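These notes concern the structure reproduced below.
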Amino acid sequence: SQTDALIEKDRVGGEKGRMVAASLAKQRKNERVISNKSMGFARVGDISNRELFLIGVSLYWAEGSKSTQSERFSFVNSDPSMIKIMIRWLHECMLIDTKDIVCRVGINEIHTARIKIVEEYWSSITNIPLSQFKKASIKKVVNKKSYENFNRHYGTLCLIVKKGTKLLYEMLGSIDGLSTIRNITGS
């Protein structure tokens, strides 16, 4: 009937309109994301040695071991960029030589067959030779779902500084210093 045809035409037209509106909204969002990311990138600019020092202390505060029982400096993360920043910080701010950094991969046991590939990946990211890698730490946790990125998963990397007790305590002092600065904490 003619009424049914008009109703169908109206439904199809409305659906097309919603698709166009959704596409435009997505495009505007993508433009805002790109613009804001560019603004954020530009705000970072060049980093001074002092700023790098504070970045390293902050990263260690968030992701480093603060345990005084182990008396060692260790930093763990899965983000290659963060690992690179920490290595640069160790070199440039703390004057730690690459030969004094030991690495240990942490990964789920379902990746046991890929350990060599994972260690080679982290070695290429860090420029630390495989001879400075300790035996991987295998996590025995049952995954409840399977991941599409199985072969692109590289676990975490732990950076350990040999004879790092002094460095650990210096970091703990630097963290105390950051946490008590009045113009940052407001107290």
Side-chain angles (χ1 to χ4, degrees), residues 37 40-141 143 147 149-181 184-185:
K37 283 181 78 172
F41 185 86
R43 284 183 74 179
V44 171
D46 292 335
I47 302 290
S48 71
N49 193 275
R50 183 173 193 289
E51 291 166 333
L52 179 59
F53 173 75
L54 294 173
I55 289 167
V57 170
S58 298
L59 288 177
Y60 195 82
W61 188 1
E63 302 291 338
S65 172
K66 276 74 75 187
S67 169
T68 55
Q69 288 180 331
S70 70
E71 291 195 330
R72 73 177 188 185
F73 179 97
S74 65
F75 177 84
V76 180
N77 207 273
S78 62
D79 183 334
S81 294
M82 198 174 292
I83 292 292
K84 286 179 180 181
I85 290 170
M86 185 54 66
I87 290 171
R88 180 178 171 199
W89 177 82
L90 284 167
H91 291 318
E92 293 180 23
C93 296
M94 308 315 290
L95 306 176
I96 302 296
D97 195 290
T98 301
K99 67 179 175 39
D100 293 321
I101 301 172
V102 176
C103 298
R104 173 176 272 156
V105 167
I107 199 158
N108 189 289
E109 68 182 339
I110 64 172
H111 294 277
T112 302
R114 296 179 56 242
I115 293 293
K116 206 72 188 143
I117 292 168
V118 171
E119 288 176 338
E120 287 169 355
Y121 167 82
W122 284 113
S123 179
S124 71
I125 293 291
T126 62
N127 290 319
I128 295 175
L130 288 170
S131 61
Q132 290 175 226
F133 277 64
K134 288 184 163 193
K135 185 177 180 187
S137 173
I138 305 299
K139 314 297 181 204
K140 296 178 192 313
V141 177
N143 280 341
Y147 294 91
N149 67 345
F150 182 87
N151 288 319
R152 292 186 319 266
H153 178 73
Y154 298 100
T156 60
L157 187 70
C158 179
L159 301 174
I160 303 162
V161 173
K162 293 178 188 176
K163 299 180 182 173
T165 304
K166 177 185 176 293
L167 181 57
L168 168 66
Y169 286 111
E170 189 175 336
M171 277 309 85
L172 296 177
S174 297
I175 290 166
D176 286 347
L178 273 181
S179 69
T180 58
I181 297 173
I184 289 180
T185 61

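Keep in mind that this is a model prediction, so the values were computed, not measured. Sequential numbering from 1 along the given sequence is applied to the chain's residues.
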Within the distance-only criterion (no hydrogens, no angle test), does the side chain of [X] pair as donor or acceptor with the backbone N or O of [Y] below 3.5 angstrom?
| X | Y | answer |
| --- | --- | --- |
| S123 | E119 | no |
| H91 | I96 | yes |
| R72 | K163 | no |
| K140 | I138 | no |
| Y154 | D79 | no |
| Q132 | I101 | yes |

Approximate separation, where rounding is to 0.5 Å, of [X] [atom1] and [Y] [atom2]:
| X | Y | atom1 | atom2 | result |
| --- | --- | --- | --- | --- |
| I107 | L157 | CD1 | CG | 11.0 Å |
| M171 | L178 | CE | CG | 9.5 Å |
| L159 | C103 | CG | SG | 5.5 Å |
| S78 | E63 | OG | CD | 8.5 Å |
| K162 | L167 | NZ | CG | 14.5 Å |
| N108 | R114 | CG | CZ | 11.0 Å |

Under a 4.5 Å cut-off applied to non-hydrogen side-chain atoms, are [X] and [Y] in contact?
| X | Y | value |
| --- | --- | --- |
| I128 | I87 | yes |
| I85 | R88 | no |
| I83 | W122 | yes |
| Y60 | S174 | no |
| F53 | M94 | yes |
| F75 | S65 | no |

Salt-bridge present (K116, E120; N to O < 4.0 Å):
no
How close do [X] and [Y] get, heavy atom to heavy atom, and via which atoms?
| X | Y | answer |
| --- | --- | --- |
| S137 | K139 | OG-NZ, 2.9 Å |
| I160 | C158 | CG1-SG, 3.6 Å |
| M86 | G56 | CE-O, 3.6 Å |
| E71 | Y169 | OE2-OH, 3.2 Å |
| F133 | P129 | CD1-O, 3.4 Å |

Which of these, L54, I47, L52, sits in a side chain to side chain contact (heavy atoms under 4.5 Å, CB included) with R50?
L54
Is it true that atom NZ of K166 has more than 12 heavy atoms of other residues, nucleotides or ligands lying nearer than 6.0 Å?
no
